[in-house]
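Right, one structure below, let's go through it.
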Amino acid sequence: MIVSATTVKKAASLRDEIRHHNHRYHALDDPEIPDAEYDRLMLELQRLEDEFPDLVSSDSPTQRVGDAAVSGFGSAQHELPMLSLGNAFSIDELQEFHRRVTDRLGLDERGDLIYAAEPKLDGVAVSLLYVDGVLVRGATRGDGMTGEDITHNVRTIQAIPLKLIGDDYPSRLEVRGEVFMPRAGFEAYNEAARAAGEKTLVNPRNAAAGSLRQLDPRLTAGRPLDMYAYSVGVTDGGELPARHSEIIDLLQGWGIKVCPERRVVMGIEGCLEYYENIGERRESLSYEIDGVVYKIDSLELQRELGFVSRAPRWAIAHKFPAQEEATKVESVEFQVGRTGVVTPVARLKPVFVGGVTVSNAVLHNIDELHRKDVRVGDTVIVRRAGDVIPEVASVILDRRPEGTQHIQLPVECPVCGSYIERVKGEAAARCTGGQFCSAQRAEALKHFVSRRALDIEGLGSKLIEQLVASGRLKTPADIFQLEKDELSSLDRMGEKSADNLIDSIKASKSTTFARLLYALGIREVGETTAASVAAYYGRLANLELATEEDLQLVPDVGPVVAARIRAFFAEEDNLSVIERLKEYGVHWLEMDPVLISTDGPLAGMTFVITGTLPTLTRDDAKGMIQDAGGKVLGSISRKTDYLLAGEKAGSKLLKAQNIDVVILDEHALISLISG
Ligand code: IVH
């Protein structure tokens, strides 16, 4: 078939345009056109290539996923070895590195050396060979000399251009970098896999490695992979700049994706500042890293320093403390929380993990303890990510000693001896002792004084436990009767701390309705709910009188929360604590309640919502009804005017049919509102 010159030109210009948008989208994270427009360009090119198959070239954006699976991986020889990096695990080791470098270069140690600093990405190293700007080979690192040919798979990664942009690149250019799976992609992939009953991926690094080792590129194409380049290998036919950082910038200009967190820093101080800064932001990065890498920026100095065995002398990985370590379980105890929830806690042989010494790890609930089958004497993997509480990730079964025993939930509360109950459908087991249980009392007090509640500085956990044990503190109100003399006579409590504590107790008396409500520790009432209830009622007296039905008019409050709040204010003891708090001077500004519209097309009508609506969330629907003057309640009665029912509606729908409540779908609701 003869292809006209205009068609050839058209295809070429479409490809250039698509490459340009790929670059904006992937390498620069700054798209110029909406996705739909991009899709139209791709479709146009696809159609043209379908009509004129002679037009197809391997670097066309349509050619990412070949149809055929490969039968095995060919080997790929590296012209220049792919090196690894030396590691520094402490500041001392980093200083040692810096000293070696400056010694060798004959520089003053304090003299400023320019370093390129980058995150150490937790993925898989790859080599990408571009000949005349076209991607011809992708390879893994392998043993550094020989890797595996994974061209068919790297081609499917959108972040990797099949053709470079511009025309000033070396005719042979090997780009090296890390292929990784961003956290969000990893989560989304696993969620979909779980929903489909398929195998989930273990962690983002394994996920990236596994994805690149697929024989069928269509499988790799379905995995959300990404890549950042961090160096070049072979380069022929073209000059490159004299600094690492400049080369990386150039790569970006050619359409290769590079890490936005890379920086050029001065000397070892600059390196340490970078390490700390990245360390603080580690959890909020969209990809996983296990440290940072420092490279001497000048290529000339790099050449002068050379290599030792497999690693360059001019670069080092400064690792974050390990987030997982193995240690022994010495015992398993059951802790009782503020609302009586009984949580198993593993007491561990102390181990340094994620930068701190850990000797306790939570197991969340009894079901999890059983699922992981943690036993006393076991060697377990403890994980600590960011600032979260350390947890037992898994048991190393091979190291289980003989004679270990399965752990059972105790029948009685280890603190107060009350019966422990398990509520059907709840993961938690609960001590039924309520405020009789000193553990629950102590936890309730800790919550009351916590930063987002009454914020009483200086009244720490140990002190609260001590005061609860001696019977001095029973309820939050008792805090305001504490006196300086009795505090300063306590162990480890000097005059000064006692003074400070009395001051902060005094300061806490002036609070807000929302904080007070949160501090009271009503079950299911977190900070957000407390704030919306406080805004809605404005005054404590209004809230104390509110019925369950009324409470459900508050945004975010459903039948369960409403019942909890009602139950709390129905309890004499709770009311008397509040009275005493007021007596001792705890006060807050009372306001006018937020007005809920009482006119509008749905004024005076009550609604119940059930099932999944086609487009609105239940909160949206509730908001719309309230804005139109209607009320939304949690349960159906003869007084209900309408049931708004979506898919998978259950018992409420049946009940509504039985008692002749009018049933609406989303569409009908909208018509009703718009008249
Ligand atoms: S540079 C000669 N830069 O770490 C320098 N490597 O332990 C070679 N890695 O195989 C690598 N992030 O997979 C470099 N910003 C970064 C990196 C990085 C992750 C990996 C890479 C390499 C391993 C070396």
Side-chain angles (χ1 to χ4, degrees), residues 76 78-89 93-94 97 101 115-128 138-148 150 154 157 159-160 174-182 203-209 211-213 225-235 240 243-245 247-249 251-252 256-265 271 274-275 277-279 281-282 285-299 301-320 322:
H78 298 300
E79 287 176 53
L80 290 175
M82 282 184 85
L83 302 168
S84 62
L85 289 167
N87 289 319
F89 290 97
E93 287 175 8
L94 180 65
F97 162 81
V101 168
Y115 284 101
E118 301 160 359
K120 184 162 193 302
L121 307 157
D122 211 1
V124 181
V126 293
S127 145
L128 306 171
T140 60
R141 172 165 177 263
D143 62 5
M145 308 303 290
T146 314
E148 281 175 327
I150 50 162
V154 297
I157 302 173
I160 298 180
E174 183 196 358
V175 176
R176 290 176 176 180
E178 198 89 345
V179 166
F180 58 92
M181 189 175 285
N203 60 40
R205 193 244 293 270
N206 288 1
S211 305
L212 286 182
R213 285 203 47 85
L225 297 177
D226 204 340
M227 191 211 68
Y228 287 148
Y230 50 62
S231 71
V232 293
V234 196
T235 60
L240 286 181
R243 297 198 158 271
H244 170 82
S245 53
I247 296 181
I248 301 297
D249 290 346
L251 291 181
Q252 187 178 34
I256 306 268
K257 219 171 152 174
V258 297
C259 182
E261 303 301 333
R262 70 193 186 287
R263 298 283 180 276
V264 173
V265 300
C271 290
Y274 180 80
Y275 177 83
N277 177 280
I278 294 286
R281 293 188 298 125
R282 178 181 187 184
L285 294 178
S286 58
Y287 44 88
E288 293 207 336
I289 62 174
D290 58 350
V292 300
V293 183
Y294 313 119
K295 303 169 183 173
I296 299 226
D297 202 33
S298 150
L299 298 196
L301 296 183
Q302 285 190 5
R303 270 189 292 273
E304 203 175 322
L305 286 163
F307 306 91
V308 251
S309 63
R310 289 294 184 73
R313 284 206 185 85
W314 43 263
I316 194 154
H318 189 181
K319 299 290 266 295
F320 294 134

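Everything quoted here is computed from the prediction, not taken from an experiment. Order of listing sets the numbers, starting from 1, for every ligand and every atom in it.
- Judged by distance alone, with hydrogens and angles left aside, the side-chain atoms of K295 form no donor-acceptor pair with the main-chain N or O of S231 at under 3.5 Å.
- Counting only heavy atoms of the protein, atom 22 (C) of ligand 1 lies nearest to Y230 OH, 3.8 Å.
- Side-chain atoms of E148 never come within 3.5 Å of backbone atoms of G142 as a donor-acceptor pair (strictly under, hydrogens ignored).
- Neither the backbone nor the side chain of M82 has a heavy atom within less than 4.0 Å of ligand 1.
- When hydrogens are left out, the protein atom nearest atom 8 (C) of ligand 1 is L83 O, 3.9 Å; that is the closest non-hydrogen contact.
- Inter-residue side-chain proximity for E261 and Y274 is flagged as met; some heavy-atom pair is nearer than 4.5 Å.
- Note on D249 versus R243: no salt bridge recorded, every NZ/NE/NH1/NH2 to OD/OE distance being 4.0 Å or above.
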(message) Walk me through whether V293 and Y230 qualify under side chain to side chain contact (heavy atoms under 4.5 Å, CB included).
(response) CA-CA 10 Å; V293 183; Y230 50 62; over 6 Å; no
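- Put simply, part of P312 is less than 4.0 Å from ligand 1, judged by heavy atoms.
- Only the backbone of P119 comes within 4.0 Å of ligand 1, counting heavy atoms alone; no side-chain atom from C-beta on gets that close.
- Side chain of Y115 to main chain of Y294: no donor-acceptor pair is present (N/O by atom type, distance under 3.5 Å, no hydrogens or angles).
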(message) Between L299 and I247, is the side chain to side chain contact (heavy atoms under 4.5 Å, CB included) condition met? List the steps.
(response) CA-CA 10 Å; L299 298 196; I247 296 181; 3.6 Å; yes
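- For the pair Y275 (side chain) and K319 (backbone), a donor-acceptor distance under 3.5 Å is present.
- What sits closest to atom 23 (C) of ligand 1 on the protein, heavy atoms only, is K120 NZ, 4.0 Å.
- Less than 4.0 angstrom separates some heavy atom of A125 from each of these atoms of ligand 1: 10 (O), 13 (O).
- Residue L121 has at least one nitrogen or oxygen atom sitting less than 3.5 Å from a nitrogen or oxygen atom of ligand 1, judged on distance alone.
- Contacts between E118 and ligand 1, counted as non-hydrogen atom pairs separated by less than 4.0 Å, involve the side chain only.
- The single protein non-hydrogen atom nearest to atom 13 (O) of ligand 1 is E178 OE1, 2.5 Å, given as residue, atom name and distance.
- Contact annotation: for L85 versus ligand 1, heavy atoms closer than 4.0 Å belong to both the backbone and the side chain.
- In terms of polar-atom proximity, defined here as any N/O pair under 3.5 Å, K295 does make such a contact with ligand 1.
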